[in-house]
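Structure, as structure tokens:
Bear in mind the structure is a predicted one, so any value in this text is a computation, not a measurement. Values reported hereafter were calculated over all heavy atoms of this structure, with side chains retained and with hydrogens, waters and symmetry mates removed. Remember, it's 1-based here, ligands and their atoms both numbered in the order they're listed. Nothing fancy with the numbering, it's 1 onward along the sequence.
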Amino acid sequence: MTLPTFDEAMATSREGVAFSNGTEAECWMENYCGRCVNDAELRRGDGPGCALVLVAYEDRFPAEWTPDKPGHLGQQWRCMYFRSEEDGGDPEPKPIPDPPGQLTLAPREPFERPARMLAPLGTPQPAEVA
Ligand code: SF4
């Protein structure tokens with residue numbers, strides 16, 4: 001699954017901040033981003049890092065983060081793009097092959113976009129507090 005660019009992630013993000021203080025943010029990012037392949041280049045010092053983290057630093061809420069365990073430090077959100085470095089390479093073939101036995105009528109690349117995951121009904125959503 002291809003990580004969205006910063007512009008794509010900003011466009012789908014919503015108002016609000018994911019963490020109420022720096023400790024919450026540091027614990028979550030240590031638990032997720034600190035061992036995620038999408039931020040590995042930044043940790044090695046040779047890449048820009050994950051666009052979703054940059055969106056969060058802009059005080060926006062990435063749409064790719066869904067509620068996980070509210071009240072559990074470091075586990076409040078689940079990132080749909082998280083993939084541990086221990087999981088090995090990207091399991092998705094590149095380019096994505098056409099289904100076998102199907103005719104190709106149009107190139108698929110212009111129509112492919114990052115997937116969105118919907119939260120189940122009844123999942124508590126963060127709300128702005130006055
Ligand atoms: S994909 Fe998610 S878990 Fe991985 S670095 Fe980006 S925000 Fe963190």
Side-chain angles (χ1 to χ4, degrees):
M1 204 159 48
T2 306
L3 195 68
T5 65
F6 175 75
D7 289 338
E8 291 169 340
M10 277 297 278
T12 58
S13 67
R14 55 186 156 88
E15 293 277 335
V17 292
F19 308 103
S20 57
N21 56 52
T23 301
E24 276 193 6
E26 284 299 316
C27 288
W28 188 86
M29 289 189 184
E30 187 64 32
N31 188 30
Y32 273 86
C33 312
R35 54 194 181 98
C36 177
V37 294
N38 294 315
D39 218 29
E41 288 181 350
L42 180 70
R43 287 196 299 278
R44 287 193 299 265
D46 60 353
C50 175
L52 303 180
V53 174
L54 298 178
V55 167
Y57 283 148
E58 294 288 324
D59 287 345
R60 302 280 302 175
F61 198 99
E64 292 78 6
W65 294 0
T66 58
D68 191 10
K69 296 178 182 167
H72 289 77
L73 201 58
Q75 300 175 17
Q76 308 94 313
W77 312 110
R78 180 184 304 262
C79 177
M80 63 185 282
Y81 282 94
F82 169 75
R83 194 160 46 85
S84 171
E85 285 189 290
E86 297 165 5
D87 292 342
D90 189 349
E92 187 172 286
K94 303 262 183 343
I96 299 173
D98 291 319
Q102 297 289 311
L103 297 175
T104 303
L105 299 177
R108 58 188 299 154
E109 288 80 20
F111 306 104
E112 290 177 348
R113 61 183 178 86
R116 297 280 306 274
M117 184 181 294
L118 301 176
L121 284 176
T123 302
Q125 297 291 313
E128 280 194 28
V129 178

For a distance under 2.8 Å, give residue and atom name for each protein N, O or S atom next to atom 6 (Fe) of ligand 1. Cys50 SG

Leu52 and side-chain contact (heavy atoms from CB on, under 4.5 Å): which single residue from Tyr81, Phe6, Phe82 fits? Tyr81

Decide yes or no for [X] and [Y]: does some side-chain heavy atom of the first lie under 4.5 Å from some side-chain heavy atom of the second?
X: Gln75; Y: Asn31; answer: yes
X: Gln76; Y: Lys69; answer: no
X: Glu64; Y: Leu3; answer: no

Using 0.5 Å steps for rounding, measure from the OH atom of Tyr32 to the CG atom of Asn38. 13.5 Å

is_close_aromatic(Phe61, Trp77), centroid dist under 6.0 Å: yes

